[in-house]
Amino acid sequence: MSTTPKSDTIAAAEVLVTSPGRNFVTLKITTTEGLVGWGDATLNGRELAVASYLRDHVAPLLIGRDPARIEDTWQYLYRGVYWRRGPVTMTSIGAVDMALWDIKGKTTGQPVYQLLGGAVRDRILTYTHATGWDLPQLLESVDARREEGFRAVRAQSGVPGLDTVYGVSRSGRGYEPAGRGAAPAEEVWDTDAYLRHAPKVLTAVRDHVGPELKLLHDAHHRLTPGQAARLGRALEDVDLFWLEDVTPAENQQVLRHVRQHTTVPLAIGEVFNTVWECQSLITEQLIDFVRTCVSHAGGISHLRRIAALAEIWQIRLGPHGPSDVSPVALAASLHVGLATPNFAIQEYMGYEPLVHEVFGHAWSYADGHLHPGDRPGLGVEVDETLAARFPYEPAYLPVARRRDGSMTDW
Ligand code: CS2
Ligand code: MG
């Protein structure tokens with residue numbers, strides 16, 4: 001039975017596009033009782049497509065619906081569209097789902113994690129990024145993260161002979177993959193150079209930090225199955241917590257080959273949008289961690305489904321949490337994390353101070369861990385006046401070419 005007063009219906013669904021240093025798309029659902037729910041609809045480099053999908057095709061359908069019917073609304077938007085799945089659709093559904101959970105929390109006076117069954121842990125382990133163009137810079141960055149209390153760190157370094165490398169800023173400033181401008185930046189990529197260098201760097205990082213620190217590394221979809229198997233083998237002694245996105249995400253059966261050659265834990269899924277893309281990776285146990293994100297994979301309701309399937313196969317969640325996942329989605333992910341047994345770790349790349357001001361939040365970081373806080377709902381409040389001061393600015397993720405000029409995966 002619904003806990004929302006019968007009279008309460010969705011009165012408005014508005015889309016905010018703001019760029020406090022980087023672009024974010026946010027959905028605001030308001031009910032006739034005056035409750036407000038927030039959802040993150042940011043899809044890096046394709047922001048306006050989701051904004052239009054929500055404004056033009058979803059918002060009109062929400063008006064007059066019962067906000068308490070979260071699952072029914074999810075099914076309606078998913079099954080009712082015929083052209084289902086895909087990042088734009090699933091990010092839109094995810095934003096609606098988050099906003100409705102936020103409203104249900106405010107209606108009942110409970111933080112969302114309580115509505116999901118309550119806490120199964122006291123706090124959520126998190127990892128952040130360390131980045132250095134060369135080894136001394138990387139070690140310095142790893143040490144700085146450890147001083148901030150992190151017990152899990154992703155290490156990415158430059159590669160000799162390349163000018164740009166995913167995850168690394170040459171200037172030594174924070175890394176932000178999306179570049180402002182009307183077209184994507186073009187990078188030159190050489191997998192052989194990376195494969196010669198990465199094992200040496202990661203071995204040196206492990207030697208520097210000792211056995212305790214959890215070390216992670218992201219290959220960002222760039223290897224063939226054979227290369228991935230070789231890299232996995234070369235990294236066995238580094239004792240990685242996970243090696244991420246070794247091969248392009250569409251190519252799932254190739255992971256059988258990788259698995260036959262290495263026991264390095266594999267994490268995949270930040271670009272997946274539904275449980276169906278995770279299905280064979282989970283049921284064939286081709287991965288150890290699912291990386292699906294609450295905003296890009298249909299919201300809290302759907303992330304819980306993915307977690308439930310993964311749990312049966314002893315596979316754990318380690319959701320995506322880069323700068324393009326807004327503090328609203330991070331809040332949603334943390335509510336799931338606190339209430340979900342097989343949630344292992346949350347990525348937390350962090351935000352510029354202005355982003356924390358626009359998206360005020362109850363979640364907090366302390367001592368290598370995150371907690372969603374105990375405010376009703378998701379515990380986020382968007383400062384709309386401040387947000388309006390930073391209109392959308394065109395920005396794209398880079399594209400990559402091999403040395404011969406042909407396109408490859410970024
Ligand atoms: C990533 C992201 O955090 C990660 O693991 O792979 O940096 C990713 O490149 C961006 O989210 C793309 O929008
Ligand atoms: Mg990644």
Side-chain angles (χ1 to χ4, degrees), residues 19 21-25 40-50 87-88 90-91 94 126-131 141 145 150 152-157 164-169 173-180 184-185 187 189 194 198 214-223 228 231 240-250 264-273 277-278 281 287-297 317-330 333 344-352 355 370 394-400 408-410:
S19 193
R22 67 162 353 280
N23 291 315
F24 292 108
V25 180
D40 178 18
T42 309
L43 186 61
N44 214 359
R46 292 294 182 271
E47 293 86 357
L48 301 184
V50 185
V88 174
M90 297 311 294
T91 302
T126 181
Y127 77 91
T128 195
H129 297 184
T131 161
S141 174
R145 302 289 88 83
F150 286 97
V153 173
R154 188 189 85 163
Q156 307 288 137
S157 89
T164 47
V165 174
Y166 164 75
V168 193
S169 136
R173 288 202 314 270
Y175 175 72
E176 168 56 59
R180 299 234 161 155
E187 299 183 348
W189 177 247
Y194 163 77
K214 292 180 172 45
L215 273 182
L216 301 82
H217 180 70
D218 192 345
H220 220 261
H221 321 269
R222 304 204 174 175
L223 311 179
L231 180 62
L240 285 182
F241 184 79
W242 79 39
L243 178 60
E244 182 180 333
D245 284 335
V246 279
T247 49
E250 309 88 317
V264 68
L266 298 177
I268 290 188
E270 67 183 39
V271 298
F272 294 166
N273 311 115
E277 286 152 284
C278 308
L281 294 186
I287 54 174
D288 300 272
F289 297 92
V290 194
R291 295 268 295 135
T292 41
C293 177
V294 69
S295 53
H296 302 136
L317 253 61
H320 201 203
S323 53
D324 44 296
V325 168
S326 95
V328 179
L330 189 69
S333 199
I345 195 164
Q346 173 65 55
E347 181 181 20
Y348 178 44
M349 189 169 157
Y351 305 101
E352 294 299 321
V355 175
L370 289 160
Y396 289 94
L397 291 170
V399 297
T408 186
D409 297 298
W410 175 75

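One-based numbering, in listed order, for ligands and for the atoms of each. None of the values given here were measured: they were computed from a predicted structure. Quick note: numbers below take in every heavy atom, side chains included, and nothing from hydrogens, waters or symmetry partners.
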Answer side chain, backbone, both or neither: which part of [X] comes under 4.0 Å from ligand 1, heavy atoms only.
X    : answer
Y348 : neither
R154 : side chain
D245 : neither

Discussion item. Check for me whether R291 has a heavy atom closer than 4.0 Å to any atom of ligand 1.
Written reply: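 R291 counts as a contact of ligand 1 under the 4.0 Å cut-off.
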Worksheet item: Can a non-hydrogen atom of W410 be found less than 4.0 Å from any atom of ligand 1?
Response: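 So W410 counts as touching ligand 1.
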Fill in: Validation row, ring centre W189 to ring centre Y194 under 6.0 Å
yes
With rounding to the nearest 0.5 Å, note down the distance linking [atom1] in [X] to [atom2] in [Y].
X    : Y    : atom1 : atom2 : value
S295 : L330 : OG    : CG    : 10.0 Å
R154 : R145 : CZ    : CZ    : 12.0 Å
E244 : H220 : CD    : NE2   : 7.5 Å

Quick one: report the N, O or S atom of [X] that is nearest to the Mg ion (ligand 2).
X    : value
D218 : OD2
E244 : OE2
E270 : OE1

Worksheet item: Does an N or O anywhere in N44 fall below 3.5 Å from an N or O of ligand 1?
Response: yes
Discussion item. Is there a ring pair (Phe, Tyr, Trp, His ring centres under 6.0 Å) between W242 and Y127? Walk through the geometry before answering.
Written reply: CA-CA 11 Å; W242 79 39; Y127 77 91; 5.3 Å; yes
